[in-house]
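Here is the naming used below: chain letters follow the sequence lines, and residue numbers restart at 1 for every chain.
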2 protein chains.
Amino acid sequence: MALPHAILVSLSEQSGSGYELASRFDRSIGHFWSATHQQIYRTLRTMEDDGWVHVTPVTQQGRPDKKVYTVAESGRAELARWIAEPLTGDGSAATDSRTRDLAVKLRGAVYGDVSALHQQIVALRAERAALLDVYRGYEKRQFPEPGALRGAALHQHLVLRGGIRAEESSLDWLDEVLAALEGDQ
Amino acid sequence: MALPHAILVSLSEQSGSGYELASRFDRSIGHFWSATHQQIYRTLRTMEDDGWVHVTPVTQQGRPDKKVYTVAESGRAELARWIAEPLTGDGSAATDSRTRDLAVKLRGAVYGDVSALHQQIVALRAERAALLDVYRGYEKRQFPEPGALRGAALHQHLVLRGGIRAEESSLDWLDEVLAALEGDQ
DNA sequence: GAGTCCATGTAAACAGTTACATGATTGA
DNA sequence: TCAATCATGTAACTGTTTACATGGACTC
């Protein structure tokens with residue numbers, strides 16, 4: 001997983017407390033990932049133990065005290081290492097940890113190696129395109145006449161259509177990302 | 001979650017062993033959901049305890065023995081109940097248990113109330129459309145001139161673009177599903 | 001007076017992944 | 001001979017969600 005790395009990206013942009021991180025998550029990468037405050041608090045503690053972040057307790061008047069977290073040197077190094085590392089996880093669209101990880105890496109790309117990231121996107125694009133071909137093959141074989149479908153067969157086809165649409169959309173996005181990165185050199 | 005219900009749908013179409021279910025999962029709703037054999041074996045045992053499925057041990061020659069599972073009466077009732085029940089889970093696109101659940105329900109729609117399912121799709125469509133509006137609002141405010149973006153701002157915009165595309169694709173699919181269901185009465 | 005925001009936490013349950021184990025059959 | 005397929009399982013771990021708890025400040 002990449003929750004610690006997602007936190008590193010967010011803290012790199014702006015130091016903050018666990019509470020702030022939880023609300024920021026909803027606004028920034030919320031479309032790919034949401035994390036509850038419990039997850040974030042627990043993760044922050046292990047990150048502190050690993051030396052990836054520093055903590056500064058801040059006393060406030062009129063509000064509860066808070067702990068402001070800042071990225072440590074080893075956290076910066078870890079983030080850069082992770083961004084350059086190939087995407088892991090299996091290729092099935094189901095859990096889709098890779099797209100999620102990619103979104104996090106992209107958001108933190110300025111803290112890592114953009115060209116290494118570019119390569120990962122090209123690789124992911126190829127895998128996604130292959131999967132889309134598989135789904136389209138299923139469609140051709142199992143539903144040669146989509147207009148005539150009724151009942152259970154219709155429903156099955158619709159589910160497959162969802163898979164195809166999701167892959168197409170994913171591919172389109174990856175192409176947009178690649179084009180934008182290439183135009184930004 | 002809905003793993004037991006996904007298994008009920010699959011077993012309703014065709015009785016089978018845990019092993020068979022695991023491989024079927026990849027082919028049918030694999031684009032939305034993949035489950036490992038360990039998950040399936042564990043779930044099947046609790047489903048048996050709950051009386052949702054019956055087991056028949058089958059001895060084979062030249063291969064390991066297997067346990068063939070069949071949907072019990074109470075399993076059929078539970079599946080119908082669950083299909084009619086409104087979609088649960090939060091609306092964030094991140095974990096997206098609702099789209100996953102909807103795909104399972106759609107695949108098993110002939111074992112439940114199709115019109116109740118139709119209503120759920122309409123409701124989900126409305127929520128997704130609202131979320132898309134939120135994302136488009138972010139885009140307008142934070143990135144009024146997308147062509148001029150470079151570096152970190154460009155990357156942030158690309159991540160948002162992914163969220164927007166995913167929602168658009170999801171909406172398009174829901175519309176396709178609604179149109180198909182309405183044409184199938 | 002009720003509800004939301006800020007801020008952190010414990011505890012428990014549930015979901016999902018990875019590793020290990022067994023063992024015969026079939027095909028390259 | 002090596003790998004894959006069939007078939008089920010234990011165990012440990014990681015990840016995620018939900019419930020409960022506290023308590024002041026602010027807004028309706």
Side-chain angles (χ1 to χ4, degrees), chain A residues 1-7 15-27 30 32-50 55-69 88-98 100-101 104, chain B residues 1-7 15-27 29-30 32-50 53 55-69 88-98 100-101 104:
Chain A
M1 70 133 192
L3 182 54
H5 299 96
I7 290 175
S15 297
S17 66
Y19 186 91
E20 283 161 358
L21 281 168
S23 33
R24 260 191 251 165
F25 253 71
D26 293 344
R27 321 214 141 242
F32 286 108
W33 203 349
S34 65
T36 60
H37 67 276
Q38 292 86 345
Q39 264 178 285
I40 288 173
Y41 287 133
R42 232 182 313 136
T43 306
L44 280 170
R45 223 175 309 148
T46 64
M47 289 170 75
E48 200 200 330
D49 292 344
D50 292 346
V55 199
T56 318
V58 173
T59 24
Q60 300 185 116
Q61 63 270 55
R63 317 190 148 184
D65 298 347
K66 63 178 176 180
K67 300 176 178 176
V68 172
Y69 291 88
T88 52
D90 71 342
S92 78
T95 43
D96 207 12
S97 56
R98 325 173 79 150
R100 197 176 72 167
D101 285 1
V104 176
Chain B
M1 72 131 191
L3 182 53
H5 299 97
I7 290 175
S15 298
S17 66
Y19 186 90
E20 282 161 359
L21 281 168
S23 34
R24 261 191 251 166
F25 253 69
D26 293 343
R27 321 216 139 238
I29 44 164
F32 286 106
W33 203 349
S34 65
T36 58
H37 67 276
Q38 292 84 348
Q39 264 179 285
I40 289 173
Y41 287 133
R42 233 185 311 142
T43 305
L44 279 171
R45 224 174 308 150
T46 66
M47 290 171 75
E48 201 201 329
D49 292 344
D50 292 346
V53 291
V55 199
T56 319
V58 173
T59 24
Q60 301 185 115
Q61 62 269 58
R63 320 189 144 183
D65 296 349
K66 64 178 176 180
K67 300 176 179 177
V68 172
Y69 291 86
T88 52
D90 71 342
S92 77
T95 42
D96 206 12
S97 56
R98 322 171 83 146
R100 197 176 71 167
D101 285 1
V104 176

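- Rounded to a whole Å, the CZ atom of B:Arg42 is 8 Å from the C1' atom of C:dG16.
- In this structure, A:Tyr69 places its OH atom 11 Å from C1' of C:dA7, rounding to the nearest Å.
- In this structure, A:Gln61 places its CD atom 16 Å from P of C:dC6, rounding to the nearest Å.
- Here OG of A:Ser17 is found 12.0 Å from NE2 of A:His37. Values are rounded to the nearest 0.5 Å.
- Relative to the side chain of A:Tyr19, the nucleotides D:dT17, C:dT8, D:dA7 differ in distance, and C:dT8 lies closest.
- Taking atom CD of A:Gln60 as the reference point, atom P of D:dC26 lies 12 Å away to the nearest angstrom.
- With DNA chain D read from its 5' end, the first of the two nearest nucleotides for A:Thr36 and B:Pro64 is the one closest to B:Pro64.
- Computed from coordinates, the B:Arg63 CZ to C:dG27 P distance equals 10 Å when rounded to whole Å.
- Residue A:Gly18 comes nearest to A:Tyr41 through the heavy atom pair CA-CE2, 3.7 Å, listed as atom of the first residue, atom of the second, then distance.
- The separation between A:Tyr41 atom OH and C:dA7 atom P is 8 Å, rounded to whole Å.
- For A:Ser17, counting side-chain heavy atoms from C-beta on, the closest listed nucleotide (D:dT16, C:dA7, D:dA7) is C:dA7.
- In this structure, B:Asp65 atom CG and D:dG9 atom P are separated by 11 Å, rounded to whole Å.
- Note that the CG atom of A:Leu21 and the CG atom of A:Leu3 stand 9.5 Å from one another [nearest 0.5 Å].
- The side chain of A:His37 sits closest to C:dT8 out of D:dA7, D:dT18, C:dT8.
- Atom CG in B:Leu21 sits about 14 Å away from atom C1' in D:dC6, given to the nearest Å.
- A donor-acceptor contact under 3.5 Å is not formed by the side chain of A:Arg100 with the base of D:dT16.
- Of the residues near DNA chain C, A:Gln38 and A:Lys66, the one whose nearest nucleotide (by heavy atom distance) lies more toward the 5' end is A:Lys66.
- Regarding contacts with the backbone of D:dT10, a side-chain N or O of B:Arg45 is found under 4.0 angstrom from either OP1 or OP2.
- Residue B:Ile40 forms a side-chain contact (heavy atoms from CB on, under 4.5 Å) with just one option from B:Leu44, B:Thr36, B:Thr43, and that option is B:Leu44.
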